[in-house]
Structures are given as C-alpha cells and as structure tokens.
Amino acid sequence: MALSWNEIKDRAIRFSKEWQDTAREEADAKPFLVEFFNVFGISSKRVSTFEHRVKKLGEKDGYIDLLWKGVLLVEMKSRGKDLDKAYKQATDYFAGLKEYDLPKCILVSDFEHFRLYDLEDGTQQEFRLPDLYKNVKLFGFLLGYQTKTYKSEDPVNILAAERMGKLHDRLQEIGYEGHVLEVYLVRVLFCLFAEDTSIFDKRLFQDYIEQKTSEDGSDLAAHLAQLFYILNTPVEKRLKNIDETLNQFPYVNGKLFEEPLPPAAFDLKMRQQLLDCCALDWSKISPAIFGSLFQSVMNPKERRNLGAHYTSEKNILKLIKPLFLDELWREFEGVKTNKNRLPEFHKKLSTLKFLDPACGCGNFLIITYRELRLLELEILRAMNKSGQLILDVRDIIWLDVDMVYGIEYEEFPARIAEVAMWLIDHQMNMRISQEFGQYFARLPLKKSAHITHGNALQLDWETVVPKDQLTYILGNPPFIGHHMQSAQQKSDMAKVFVGVKGFGVLDYVSAWYIKAAQYIKDTKIKSAFVSTNSISQGEQIGLLWNELINKYKIKIHFAHRTFSWSNEAKGNAAVHVVIIGFANYETDEKLLYEYEDIKGEPHEIKSKNINPYLVDAKDLLIPTRREPICNVPRMIWGNKPTDGGNFLFKNIEEKEVFLHQEPEAEKWIRPFMSGDDFIQGHYRYCLWLKDIMPQELKKLPETKKRIDAVKKMRLESSAEATRKKALTPTLFAQISQPASSFIAIPEVSSEKRAYIPIAFLNADIIPSNTLQIIPEATTFHFGILTSKMHMVWVNSTCGKLESRLRYSNSIVYNNFPWPENPSEKQTKAVEAAAQHVLAVRAEFEGSSLADLYDPLTMPPKLVKAHQDLDKAVDLCYRPQAFVSEAKRMEFLFELYEKYTAGLFAKEKPKKTRKPAAPAQA
C-alpha cells in the first residue's frame, strides 16, 4: 500500500531533522539519497543506479550521483556550493545517455538547498531542507501522480503513433497480421501506459525488456508471451520460483490478456523500436485519444494526423453538458452543504447508466465517465469538509466503468473502448489518491464497460441494456448521405424505416434517431446525438420528424444549431453539424444554442418550444409543394441540356473557334449561364436549336456532328427518360425558357453571404437547370426575395450542400409566407427600395454578384441599400421591428400556419408594374 501524503510529510520532517547538521560533503550523497527516497516509500532497488558512469562530451568519464532512468537525475554538491554549476554538470551528462534513459526532471542539492527542474514544462522550484515537508507534492511524479494537459496534435502523440507504427509495420512485414496483430499491439500499448501511470511500477516494463532480453531481440517475443501470461494470472496462482522482476507485475485480469496468441518474432531493430516507444512519457496521452492513436498506428497515412479519428473534448462537452452534466452540477450546488442530502445525491450519481449506440473507440463514454468522476471528487471534498471524515476512499468511491454501455459495428474499436475506459478509470483513481493521500487502484480489474460488438441498427438495444435501467443515450452516429450508403447500410435503413415512404433520401444517422425513439418510448430516458445538419433542413425534416413527432411523440429539449465540428486534424475538413437532445416527454426548460459564427461560441436562448427546424416555434413540418401557398408567380427550373457537353462552349474562345469553322451557326448560339456562372459574372454559350428548320440544319455539318454526339450520349444512358430524349437530339432535355425577362436564383450559394445573389436576366440568356427562374416576376417580388425576411426563412428551411445553401422551389419558395395583403403604399416602398438596390449594383460596373455580396467586399452603399429594402419589407409584415432572427422565424412560422390552415381568404394580388428596364446580372 502506498503512503498517504500525511505519512510522507511526517517522514519528511524526521528526515530533515536527522540530516540538518549531518551531511556536508559529496561522499554523504548515497546514504542521504537512500533516505530521501525512503521518505516517499520508494526502495533504493527501484532507483536504477548510484554513481552511474557515463561518457561526457570529449569522451571524458562522468559519474551521475543518482540516475533513475527516464525519471530523475540527481546531482549532489557539498554544502554551500554553486547549484547553477551543479545543474550545468547534470545536463552535460545527457550526451552519454540513451534517448529513452533521459530524465524528465533534474534535482540538484547541496544538502541544505534543493532545486527541482521540470525539463518538460521548463519550470523550477527551490526550497530549503526544513521545508521539504511543505514541498513533498512536487515529487508526486515519483509516485505516478501527474497533472497533464492533453492535445490530440501534441508532438508526443504524433511521435507515439510513428514509433508504434514502425513496430506495427515490421510485425506485419514478417507475417504477423490481422486480428492477432491488433490484440498484440493493444497489449503492448496497455503496458506502455501502465508503467507511466503507476498501474505498474515506474519503468518496470522498460527495465524488464532491457535487463531480461537479448540485445538481438531473439528472445523478446518469448518474454512478452510470458509477461502477458503473468498479467492474466493471479499472484497466488503463479509459480513459486518465478523470476523476481516478472513477479512484480500485477494481476490485471479484465480479459485483456486472456486470449492465447501465436508467438511473434523480434530482431535487434524491432527490440530497439519497442524501447524507443518505452522512452516516451505515455502519461501525457489521454485515454480519450487512445482509440485514435491506435487507429493511426494501424494506418500509416494517418500517423501525423491523429485528430482525424479524435472528437475534441470541447465538442463532446457541447452535447453532454446540456444533456445531463449542467443539471447534475446544479443539483450538487444545492445539496453540497446538506450532510443528509449529499450522500443521497452521491448514490443517485452512482446509479446513472449511459449508452452510446455508435461508440467507436469510446470517446463520448470516456469523457462522460471522466466528468462524472470529477463531480464525484467534488462530492468527496464536500463530505470531508463537512466533517464526514473519509477513512478509506475505497469505501466511498461508488462510480465504476460498468455504468457505461456501447455498441460498435467493428470488433476492434469495441475492445479499444473497453481498455480506454480502464485507463481513464485509473487516471481518476490516481486523482483521488493525490487528493486524499491514499493510494487507490482497481487491480485486478473486476468490472468493465459493457461494449457490444454488433450492428446497432439490427440489434435490439434492450439486449444490451434494459431500458428500465438506462438513464441517457448519447453519441455521434455516422453521417452518410443517401448517395454514399453501401448496400448493407441501405438494408439497415430499410429495416429501421419499415412502412415509411421515401426514406431513401435520408442520411444514415437518421436511423439512430428512430431506434432511440423506439427504445425510449414511455420512459424518462433523455437522448442526444451529433448529426449532420441535413436532418434539420429541407426534405429530410418532413420524412424523419413526421415519424419522430407524430408516431413516437418525441420532444426536443435542447439543440445546437449548425456549427463547425472540427476534429483538430491537420487538413481535415470541418463537418457542419447540429446537436439535438430529445426525449419522449415534455419539459419546461428548453435551450437553443445559436451561432453567429459557425466556428465560434454559441449563445444560449431559453425557448418555449424547439421545432425540427431548430427554431423556437410550434412543431410544424413543411412539406414539399408543387405550388406556392401564396398568390405569386411560379418558380421553375432552368433549362437542362443533358448533352454530354456537346451543346455547350466553355468560353468565348471556344465559341469563336467553332464559328470560324461554321459561321452560319452564329444565329443559333445564345449566352448560357449556370448557377456558378451567374454568381461569378461569367457567360458561356450554347447551341439553342429550338426552332431550327431541317433545311437550315443540313447546311451546318459541324452542328450536326454535335447533335450526333448528343444522341449517342443519350442512347447510352442507363436512365430510360434520358434514352427517350435521344428522339429529339436537337433540343435540351428540359426546356423552360421564358419569353421575357425573369428573376434568376442560383440553386447553390455560399452561406457566408448575407443575401442570396438574385437578379433579373434577359430572355436572350439561357439559364441552366442550376438556376431557379421566376417568369413574369416584378420588382416587388425581387424585393421580397432579396430581403432579410426571406433569408431568415431560407436559412431555416433550405437544404444544404455541405454548408452552402441549396435553394429549392418546392420546399423554400412554395412554402414561403409572403406579406399578408400589403397596402399599395407598402408595395411601392418595396419596389422603390428594390429598384435602388439594382441601381447601386449597376454603379459597380465589372463587379460580379460574387464580388458585390462577398461579406468582405460588399460596397457600403449596397449594404445601405439592402438595409433600406429590409425596412420596407419588414413593414409589409408588421409595424413593429424584429429584434432578432429568432423573432423573425417565430413570426414567419405563425404566418405560415395561418396560410396553410386557411384561416383567411387570400385576396387576388393587385397588379404590379413590371420593371421598365430590369438590371442584368
């Protein structure tokens, strides 16, 4: 049993008194240091060597007073000698040490003064001998107590992945591969963590390899096999004459070392690679990154990009804090001074159970468990403060790893999650030990996290954990769009969405919502998932949330609106996600987290209700509609070529080359614009042969070649509708060209713009099907559509392509609630403000819509014109100002409900003047 801090302090006081006037010369160093380490209960046998001989620079011999390899170097001087020189002498020894023997700290002393240098964080502490008892915690690293800050991209993590990766690659090269290699390396990783986090004695694993195996590595595999056997054997069942060093290893249990493995093989280089791994300080690596570390070891391309598999703790906390952690801390604050209610709260905490049904390597479960253990630590502090003396922490630590459950599709991440949970448990036990001065470790391992290897969408979750025992569901299920799903994944979706028409467009993550909703029915279980933001936008809402709300009676309790989910990986594109917390019961406390900057921090909004669009409004589901709900012109798609590029000319140069060959075709060439061309201000050109006469076409051989190519391309298509279009190869596959000027709206636009770039185009321009068009539109329609009011609606209901807005006529435009019977004065005010926006744009000749609406380059004059337009549009809706976007959406949803409920008759719109000379894009 390790000593408590109070016992160590008592020993330090006795040691100081004994040596206060005794030791004065360097010859006294060895007995002095033996007694010094005895203060901490450390036997001199564990300290590698006294008077360690090394070769200094210049090939001179040097003698280190004490070297604990990889941990501490001590240089003693006679009383009164210069400690700066002692430190310089200590660092001179480094040239003669192997990398993995270099110490983490240097202690220099003249028997009266102590100076401790931490070489990792660059700090130093100094005190006198009589004050040793006040400073004993500075030497906590000797006992395995360490305070660490973890970062996924910390150099030690990358170095660890690279060094373990070399060992992995070599074992794989010699034919040791697959499942057995994965198990083998996880065992090695556990041993590396164990000796740096006080599960094993310090350097026990490294010293065993160095001292008990041959330098050529020929017997290393046999020794490791023997070690793995010992780690799985209770001490009382081991052979009586077992090697003394081997017997120092504890009984681990937990089935980690249970499976028999075929023998591996090592050589000199591989043995050195393993020792290089031992040289790192594995206590610096959080168990939360254990899984991503292992995955990167197995994939050479990802060894320098650990964040690719690591969900940042900051993002995990965004889910677990509103799901349960904030509430638990509030409850603790209310009972921490009540000696009767505090133990009740502690008991409640110990009975909570958590399920992550897509747990991967266990990141969410690890952070959840760590945060709960930190709360338990505060409970224990409060109990101690209130006079409820903790005699033995073993009796009062009630939380254990068996409170978490997980389901993981792949076998090995499931096993990694179990190991990582043991490691975080041990780290928290060390935190408790350091706090209360009582060493506490759970060895042998008796409990483990319940991680099930299986398909979460095929399993009955009650076979994993009965729902009457569960408290929370959480996690980050896989985001896979319907186009990217495998046959197995489509089969999973079909099993979950039985009887749901059109589910094929849903993201894979949506199946976890349905499974959770089925599981939590008629319970108080709260759930929260990180999800792609597509499930709260566009057509997916009507399909998924119709089931969740109407069939399973799900209510959203909290939600983070779209933000950037960064995994701290170099070159790893951020995913745009939402977090949705939900349950099968209502609550009065609903929180919405809004992001002004998707890469920034959210602000919290207390809400009456959170609907599937993640807006404070009633639970409305906006369906796909063929016609607008208001009396406005129809929006249609532009013209779709389906031509294999044969009707199109990429630029004016390509068009001119064609016309040089066939000048008679010029009358059949028209300007052509896609959505991107429209925004960037580019014109392409196309052959527009809608009304060409057969005799004219015969005179155009180059044009006929292109028509032949179009026909061939369509005939070879796998789509029947496209093959039918081969009958009319002179025409675009879909034609919707207006006879007069029209409004054009790009299908896809950057979310960074305050307004979607919208403009009038002349009828001579052929818009492609990546432009939505509104024939017979007026400046009033233009003004409403390019206003803040419309943009707020767009941002809530529009689908997304990654984070970009994907405008839809059937979802966005046809459901948009236009102003209710605006007066003639209001209509004219909007028309005038809209015309002014067009006039200001025209002043910036040569600037594209991309230039004009870039947040950084948008001209102040245009900003002001839009602000005036927004005011005019707002007054069409109501006289009171809207104080926030949230209030705008609340109003629009209420108005939408009125329109669709038919609570008032829609008047015929007053005739509006068409713009005399609409501005062009």
Side-chain angles (χ1 to χ4, degrees), residues 4-6 316-355 364-405 421 424-425 427-438 440 442 446-447 449-450 465-474 520 522-528 555 557-558 581-591 604 606:
S4 70
W5 284 120
N6 287 335
I316 294 173
L317 288 169
K318 285 181 179 179
L319 184 148
I320 68 174
K321 282 170 65 66
L323 179 62
F324 64 86
L325 196 57
D326 288 343
E327 184 180 353
L328 289 175
W329 274 100
R330 284 193 297 269
E331 189 173 349
F332 167 71
E333 290 296 328
V335 302
K336 67 180 181 181
T337 58
N338 188 314
K339 64 180 182 180
N340 294 321
R341 294 179 62 196
L342 186 58
E344 292 174 3
F345 174 67
H346 190 192
K347 181 66 176 177
K348 168 188 170 179
L349 198 67
S350 70
T351 62
L352 301 179
K353 294 194 183 301
F354 301 79
L355 169 66
F364 276 77
L365 296 176
I366 291 164
I367 301 303
T368 291
Y369 183 70
R370 184 196 69 190
E371 293 300 311
L372 292 169
R373 287 294 303 272
L374 289 172
L375 178 53
E376 184 181 42
L377 176 58
E378 288 302 317
I379 293 171
L380 299 183
R381 284 173 176 161
M383 284 181 172
N384 218 23
K385 187 181 293 184
S386 64
Q388 299 176 40
L389 184 64
I390 297 172
L391 299 176
D392 188 344
V393 293
R394 294 172 184 272
D395 298 331
I396 201 67
I397 297 176
W398 293 347
L399 274 63
D400 209 334
V401 293
D402 62 342
M403 69 192 305
V404 305
Y405 296 76
M421 285 299 301
I424 192 65
D425 181 60
Q427 285 194 344
M428 298 315 299
N429 292 339
M430 291 301 97
R431 187 92 170 248
I432 294 284
S433 299
Q434 190 170 11
E435 178 74 21
F436 294 102
Q438 298 180 30
F440 173 60
R442 288 184 172 124
K446 295 178 180 178
K447 296 181 179 179
H450 305 277
V465 51
K467 64 183 180 181
D468 60 355
Q469 296 179 19
L470 193 68
T471 326
Y472 299 100
I473 298 172
L474 71 168
I520 67 177
D522 300 324
T523 74
K524 292 295 184 181
I525 298 169
K526 291 173 67 175
S527 306
K555 300 299 294 184
H557 287 200
F558 73 89
F582 58 97
N584 187 229
Y585 62 92
E586 189 60 274
T587 180
D588 294 331
E589 294 185 7
K590 296 185 177 181
L591 297 175
E604 182 181 285
K606 291 183 179 179

What are the two closest heavy atoms between [X] and [Y], and how far apart are they?
X    : Y    : answer
R373 : L399 : CD-CB, 3.7 Å
T471 : L352 : OG1-CA, 3.5 Å
T523 : Y585 : O-CD2, 3.8 Å
K526 : P322 : NZ-O, 4.2 Å
Y472 : L323 : CE2-O, 3.6 Å
R341 : N338 : N-OD1, 3.0 Å

side-chain contact (heavy atoms from CB on, under 4.5 Å) between L319 and F324, worked out:
CA-CA 9 Å; L319 184 148; F324 64 86; 6.0 Å; no

Look at atom CD of E589 and say whether more than 12 heavy atoms of other residues, nucleotides or ligands are closer to it than 6.0 Å.
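12 or below, so no.
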
Measure the spacing between [atom1] of [X] and [atom2] of [Y] and express it to the nearest 0.5 Å.
X    : Y    : atom1 : atom2 : value
D468 : D522 : CG    : CG    : 13.0 Å
F558 : K318 : CZ    : NZ    : 12.5 Å
I320 : L325 : CD1   : CG    : 5.5 Å
L365 : I316 : CG    : CD1   : 9.5 Å
L349 : L375 : CG    : CG    : 5.0 Å
K339 : M383 : NZ    : CE    : 12.5 Å

What I'd like to find out is whether the side chain of [X] reaches to under 4.5 Å of the side chain of [Y], using heavy atoms alone.
X    : Y    : value
F332 : L342 : yes
Q427 : R370 : no
K467 : I520 : no
W329 : E378 : yes
R431 : L374 : yes
L317 : E371 : yes
I424 : V401 : no
V404 : F364 : no

Before giving the answer on side-chain contact (heavy atoms from CB on, under 4.5 Å), spell out for L372 and L328 the whole-Å C-alpha distance, their side-chain angles and the decisive distance to 0.1 Å.
CA-CA 9 Å; L372 292 169; L328 289 175; 3.8 Å; yes

What class does the angle between the rings of W398 and H346 fall in, given that below 30° is parallel, 30 to 60° is tilted and above 60° is perpendicular?
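Rings of W398 and H346: parallel, as their planes differ by under 30°.
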
Please confirm whether the backbone N or O of M421 pairs with a side-chain atom of D425, one donor and one acceptor, at under 3.5 Å?
no

Between H450 and D402 (side chain of the first, backbone of the second, donor and acceptor by atom type, cut-off under 3.5 Å), is there such a pair?
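Here the side-chain-to-backbone pair exists.
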
Any salt bridge linking K347 with E344? Criterion: basic side-chain nitrogen under 4.0 Å from a carboxylate oxygen.
no

